[in-house]
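All chains are named by letter (A, B, ...) in the order of the sequence lines, taking the proteins before the strands, and each is independently numbered beginning at 1. Because the structure is a prediction, the values reported are computed rather than measured.
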2 protein chains.
Amino acid sequence: MIDDLNRMTDTKQKILDTAERLFGEQGYAATSLRQVIAAAEVNVAAVHYHFGSKEDLLDAVVTRKAGPVTVARMERLDRLEAETKPVDVERVLEAFLLPTAEMAEHHPTFVRLMGRMLTEGMMPRIVEKHFQESAMRFIAALMRALPHLGREELMWRVHFMIGAMAHTLTGQPVMHMVDASTDFPTRVRRLVKFLGAAFRAPAEEKN
Amino acid sequence: MIDDLNRMTDTKQKILDTAERLFGEQGYAATSLRQVIAAAEVNVAAVHYHFGSKEDLLDAVVTRKAGPVTVARMERLDRLEAETKPVDVERVLEAFLLPTAEMAEHHPTFVRLMGRMLTEGMMPRIVEKHFQESAMRFIAALMRALPHLGREELMWRVHFMIGAMAHTLTGQPVMHMVDASTDFPTRVRRLVKFLGAAFRAPAEEKN
DNA sequence: GTCTATACTGAGATAGAC
DNA sequence: GTCTATCTCAGTATAGAC
């Protein structure tokens, strides 16, 4: 019974681990299931038996690890808002970004995949399903920290931030500009400073 | 003779136009050549006859329109640096970003593709080939505008900026946060304000 | 319940007829 | 310069062995 469970989770887990890594490194569309099953050393049909389809496999990969990030984000936001107001923008940004840096310590391949999912634009349903809750909560906290910004202006700034964040998480420097081996806490520290100043920029006169 | 030339460029151009659009909308890896040839209403072998491979097709698509953007960026930077120093950061950012907004007016599909190329992480050679020159020039101008920043800090900020820019150019809002129909000049205006404040953030104490 | 063998369709790529 | 045929590998589906 325990052996059965172990064997089952063994195959499933090998597929999940390999898919997480390859989807993150190469992108979802650019990664073939046959690459995955070859690297995981399992049979072609195993993916469809355990997960159903390529898209469902991605969903399973994300489901496995997205929860803790969301929980950590929520907890940080809760603690932050329980303390004092006005809340500082950079603390809100940290509440959103530091959980990914912590996750990156033990699960760097998953963090890379998180970045990919935001930029590759594929599977919008999966992104929404797993990250919309904490994102909405984060936006609400930002609104309270930046009451002078209109909703549209704030949303655009969050949009810019997601681009910067995703590009940083994927760890793929364009044109060798940055050191690809820089650890994630350092990246996030720099990013928070950068975005903090950006969010505090005065709103436009007209809009 | 003229008819022959017209027919030739007709087929090539139909393929280039269609590939530019589909690569930009769906991503490079997610777009099959068979989608391209079906939408362009040409034969399967036409792509390989005219361009050689899928990657070479992408290169041809970029080659066709990247030049004017680079030229416009260079000219703006030249004019800017000929005027006065110290140069304002936001003017440097505009020199880099406004040419894409102008390009977007008549070639929105190409601008979307430019964004995709930066985030999808595929074809790093093609990105370098077409955009490294103006990027290096732009970084040099930024360094002069922000002499207090160390090289590494500046490079990371440029990295963040490229993420924000790419995500904005692709026009794919994550989780319906922003209005996807917002015109590019407006996006760029907001982005320049956002990034201007971000680049002017004080450098870290230790690094 | 789990895994394997096999087959079907559609992808990128190439060779050769016209 | 164009089209057909064909090759290999992709994602997917199913039947049946263990």
Atom pair distance, as rounded to whole Å: [atom1] in [X] and [atom2] in [N]:
{"X": "F51(A)", "N": "dA13(D)", "atom1": "CZ", "atom2": "C1'", "answer": "17 Å"}
{"X": "I15(B)", "N": "dT2(D)", "atom1": "CD1", "atom2": "C1'", "answer": "11 Å"}
{"X": "I37(B)", "N": "dA13(C)", "atom1": "CD1", "atom2": "P", "answer": "13 Å"}
{"X": "H50(A)", "N": "dT12(D)", "atom1": "NE2", "atom2": "C1'", "answer": "16 Å"}
{"X": "K14(B)", "N": "dG1(D)", "atom1": "NZ", "atom2": "P", "answer": "15 Å"}
{"X": "Q13(B)", "N": "dG1(D)", "atom1": "CD", "atom2": "C1'", "answer": "17 Å"}
{"X": "D10(A)", "N": "dT2(C)", "atom1": "CG", "atom2": "C1'", "answer": "13 Å"}
{"X": "D56(B)", "N": "dT14(C)", "atom1": "CG", "atom2": "C1'", "answer": "15 Å"}

request  = With the side chain counted from C-beta on, respond yes when H167(B) and V174(B) share a heavy-atom pair under 4.5 Å apart, and no when they do not.
outcome  = yes

query = So does E81(A) pair up with R137(A), basic N to acidic O under 4.0 Å?
reply = yes

query = So does R157(A) pair up with E153(A), basic N to acidic O under 4.0 Å?
reply = yes

task = Pick out which of R125(B), K129(B), R64(B) makes a salt bridge (Lys or Arg N to Asp or Glu O under 4.0 Å) with D59(B).
result = K129(B)

task = Decide if atom CD of Q132(A) counts as having more than 12 heavy atoms of other residues, nucleotides or ligands within a radius under 6.0 Å.
result = yes

request  = Using the six-membered ring wherever Trp is involved, compare the ring planes of F96(A) and F138(A) and label them parallel, tilted or perpendicular (cut-offs 30° and 60°).
outcome  = parallel

key: Parallel, tilted or perpendicular, as decided by the 30° and 60° cut-offs, for the rings of F160(B) and W156(B)   = tilted

request  = Could you work out which one of dT2(D), dC3(D), dG1(C) sits closest to the side chain of Y49(B)?
outcome  = dT2(D)

query = Which listed nucleotide (dT2(D), dT4(C), dT4(D)) is nearest to the side chain of A45(B)?
reply = dT4(D)

Between the protein and nucleotides 10-12 of chain C, are there any N/O to N/O pairs under 3.5 Å, and if so, what are the atom names and distances?
unit_1  : atom_1 : unit_2 : atom_2 : d
dG12(C) : OP1    : L33(B) : N      : 2.4
dG12(C) : OP2    : L33(B) : N      : 2.8
dG12(C) : OP2    : R34(B) : N      : 3.1
dG12(C) : N7     : R34(B) : NH1    : 2.4

message = Looking at T11(A), I'd like to know whether one of its side-chain N or O atoms comes within less than 4.0 Å of OP1 or OP2 on dT2(C).
response = no

